[in-house]
Amino acid sequence: MRLFKAILLLMLVASIIPTVMVGWLSVSHTRELLVRDAQELAQERVKQLRLKLEDVLSGPVQAVVGLTNTPFFAKAPAEQQALIASVLTQRRDVLAITAFSAQKERLPGLQAFAVHELPPSAVGEHEARARALLEGLNGLRYGEVAPQVQGAPVMTLAISVGEPVKGYIAADVSLAGLQEMLQQERVGSNGFFYVADRHGRVVAGGAGLSPGTDVSQRGPVSHLLEQVAHSPDAEHFHVGNFGQGTDATVSAYNLVQDLGWTIFSEQPVVQAYRQVKVMEDRILLGVGGAMLVAVVLAYIFSRNLTRPLKNFTAKALELANGNFGAEVSLPQKNELGELAQTFNYMSKQLMAYDMENRRLYESLEQGYLETIVALANSIDSKDAYTRGHSQRVGDVAVEIGKELSLPERQLKQLQYGGILHDIGKIGIAESILCKQSRLTDAEMDIMREHPGIGDSIIGAVSFLTGVRACVRNHHERWDGTGYPDKLKGEDIPMLARIVACADTFDACTSTRPYQKAMPLEQAVQILDKLSGAQLDPAVVEALRRVLQKKGVRLEGHRQPVKLAS
């Protein structure tokens with residue numbers, strides 16, 4: 001029961017923590033993308049509104065500028081009056097036109113208004129706004145906006161005529177069309193646009209913002225005025241969050257440099273980032289569902305893994321009590337099923353050996369070796385990715401030994417050593433030995449005990465004394481950082497150095513859960529990199545010569561594979 005709880009807890013930790021991390025990263029990354037999209041949308045809306053504003057103003061401004069494209073001051077007064085009248089007739093948004101001499105004096109008879117009956121004060125205000133623009137004028141200049149003239153905001157503009165200057169033409173342009181456009185433009189359900197001048201006063205706007213209203217303390221307007229104060233000639237464009245709490249808005253602005261106006265959009269943060277909230281709710285729901293599935297699957301997996309172990313324990317106790325031939329009934333076609341078959345085979349073999357009563361010492365020696373080899377093969381059979389590994393290591397080790405001209409006795413020891421080098425893994429827990437993911441530090445420490453366990457397994461077999469170094473020291477490194485004895489260089493027994501090289505080579509050319517089998521050339525490159533650090537350079541060079549001369553049998557190949565010379 002304790003093992004079941006441990007495996008269940010391990011499975012839950014291994015599945016839930018990554019799920020939570022993926023969910024958190026998804027929320028964080030997607031939130032950033034959606035916020036950026038919302039801000040880019042606000043930018044695009046302001047850009048589009050600027051085009052509409054320029055389109056609204058281009059008609060009346062071009063009509064006034066068109067007067068300067070004719071020899072206006074060279075015409076007779078009657079013709080001049082006719083030109084002015086035609087502009088006022090064609091453009092209802094042009095409210096007044098006044099012509100001035102080069103000395104900035106109003107020319108008699110060349111002042112006209114769209115409304116015929118105006119109080120003298122209105123006429124004087126128009127002329128005053130016009131005269132304010134004439135000083136030093138050479139080209140087109142826009143004046144300040146008058147909030148209410150004839151019921152709508154009015155912009156005054158003036159333009160010089162001729163080069164050198166022969167006179168000036170000034171006009172009042174109604175911004176009623178701009179005001180109407182901004183009232184109709186919406187940002188979502190409750191966002192709005194407005195236009196403010198360089199002093200932070202509303203030129204025109206929606207959401208009840210009347211022309212002339214001081215909005216300099218609003219977040220985006222205040223930010224703009226600060227930016228203009230630092231760099232007045234720059235083309236300012238910005239989008240961001242302004243305000244706190246329920247008053248927070250996503251705002252964008254774009255400065256229209258020629259007019260000295262700025263177009264602003266404001267939308268409550270809650271509405272602008274609504275998709276962010278929807279996305280977060282969906283991801284949290286998905287993470288919750290994934291966690292629930294992980295709990296169920298972890299429970300099922302843990303139960304299926306630990307339940308057969310109880311059967312193994314009971315049958316192992318029967319074997320310990322001398323009941324040879326006891327079998328484990330496990331029909332599963334997986335590693336546990338293969339282990340059960342191996343267990344049953346071992347049990348039958350023990351029964352057969354017990355019946356023979358160990359008649360001859362040679363039979364005892366051979367039978368004992370076959371049993372241990374069967375145990376070694378059972379390690380490989382637990383994982384389809386390592387099946388045949390021990391046999392291939394033994395074969396490659398023998399070929400290296402032949403290349404190094406070792407005697408026949410040592411070649412036989414290499415064969416046994418290659419087959420038995422991982423025999424100690426029989427003492428490693430299944431949960432660690434067959435784990436498909438990276439081992440923890442604690443699990444790796446347990447795994448590193450298998451050379452010592454293997455040494456203990458074969459230590460009592462006298463005829464395997466020469467093989468013990470292969471089993472115990474095949475994980476020692478040439479640079480002295482290996483285990484379990486931290487041997488270095490030639491202090492490592494030669495047979496162990498050869499098995500280590502063969503083991504590394506087969507690991508590179510075999511398919512594992514964490515890597516695909518490497519091509520032969522790539523595997524040799526890996527061995528070259530490990531030469532002098534992990535492996536004996538002389539052994540690596542001997543293996544290279546073997547591969548060039550006659551090759552070796554690789555996983556999935558029936559015939560030996562050779563390395564190109």
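Side-chain atoms are counted along with the backbone in the values below, which use heavy atoms only and exclude waters and symmetry mates. It should be emphasised that the depicted structure is a prediction, and the values quoted were computed from it without experimental measurement.
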### Message
Using 30° and 60° as the class boundaries, would you call the ring planes of His450 and Tyr483 parallel, tilted or perpendicular?
### Response
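It falls in the perpendicular class, over 60°.
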### Short N-O contact, Glu144 and Arg129, less than 4.0 angstrom
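Salt bridge flag = no for Arg129 with Glu144.
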#### Entry: Salt bridge present between Lys425 and Asp422 (N-O < 4.0 angstrom)
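Asp422 and Lys425: salt-bridged.
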[X] side chain to [Y] backbone, donor-acceptor under 3.5 Å:
{"X": "Arg131", "Y": "Lys104", "value": "yes"}
{"X": "Ser510", "Y": "Ala507", "value": "no"}
{"X": "Glu79", "Y": "Ala76", "value": "yes"}
{"X": "Asp503", "Y": "Asp506", "value": "no"}
{"X": "Thr213", "Y": "Ser210", "value": "yes"}

### Residue from Val221, Val203, Ile263 passing side-chain contact (heavy atoms from CB on, under 4.5 Å) with Tyr194
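Going through Val221, Val203, Ile263 one by one, the side-chain contact (heavy atoms from CB on, under 4.5 Å) with Tyr194 is satisfied by Val221 alone.
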### side-chain contact (heavy atoms from CB on, under 4.5 Å) partner of Phe264, chosen from Leu49, Leu224, Val195, Val46
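Exactly one pass, corresponding to Leu224.
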### Residues Ile159, Arg141; criterion side-chain contact (heavy atoms from CB on, under 4.5 Å); working and verdict
CA-CA 6 Å; Ile159 185 170; Arg141 180 179 294 169; over 6 Å; no
#### Entry: Partner set under side chain to side chain donor-acceptor pair (under 3.5 Å) for Thr249, not counting sequence neighbours
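By the side chain to side chain donor-acceptor pair (under 3.5 Å) rule, Thr249 matches Ser251.
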### Pairing residues for Glu54 by the side chain to side chain donor-acceptor pair (under 3.5 Å) criterion, not counting sequence neighbours
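Expected list: Arg50.
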#### Entry: Asp93 vs Ser174, side chain to side chain donor-acceptor pair (under 3.5 Å): CA-CA, chis, key distance, verdict
CA-CA 5 Å; Asp93 43 9; Ser174 173; over 6 Å; no
### Query
Would Asp214 and His199 satisfy side chain to side chain donor-acceptor pair (under 3.5 Å), going step by step from the backbone distance to the final call?
CA-CA 8 Å; Asp214 185 359; His199 304 296; over 6 Å; no
Per-pair distances, 0.1 Å, donor-acceptor, side chain in residues 518-531, under 3.5 Å, sequence neighbours excluded:
from   : atom 1 : to     : atom 2 : distance (Å)
Asp528 : OD1    : Arg544 : NH2    : 3.3
Asp528 : OD2    : Arg544 : NH2    : 2.4

### Check against salt bridge (Lys or Arg N to Asp or Glu O under 4.0 Å), Arg45 and Glu185
CA-CA 10 Å; Arg45 285 170 173 165; Glu185 293 285 342; over 6 Å; no
In Å, rounded to the nearest 0.5 Å, how long is the span from [atom1] of [X] to [atom2] of [Y]?
{"X": "Ile428", "Y": "Lys435", "atom1": "CD1", "atom2": "NZ", "answer": "14.0 Å"}
{"X": "Leu51", "Y": "Ser58", "atom1": "CG", "atom2": "OG", "answer": "11.0 Å"}
{"X": "Gln179", "Y": "Leu209", "atom1": "CD", "atom2": "CG", "answer": "9.0 Å"}
{"X": "Leu110", "Y": "Ile84", "atom1": "CG", "atom2": "CD1", "answer": "5.0 Å"}
{"X": "Leu439", "Y": "Met444", "atom1": "CG", "atom2": "CE", "answer": "4.5 Å"}
{"X": "Ile169", "Y": "Leu134", "atom1": "CD1", "atom2": "CG", "answer": "11.5 Å"}

### Task
Search all heavy atoms of Leu83 against all heavy atoms of Phe72 and return the closest pair with its distance.
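Nearest pair, atom of Leu83 first, then Phe72: CD1-CD1, 3.9 Å.
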### Query
Closest heavy-atom contact between Ala170 and Phe100?
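Of all heavy-atom pairs spanning Ala170 and Phe100, the closest is CB-CE1, 4.0 Å.
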### Query
Does any donor atom in the side chain of Thr98 or His126 lie under 3.5 Å from an acceptor atom in the other side chain?
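Yes, side-chain donor-acceptor contact under 3.5 Å.
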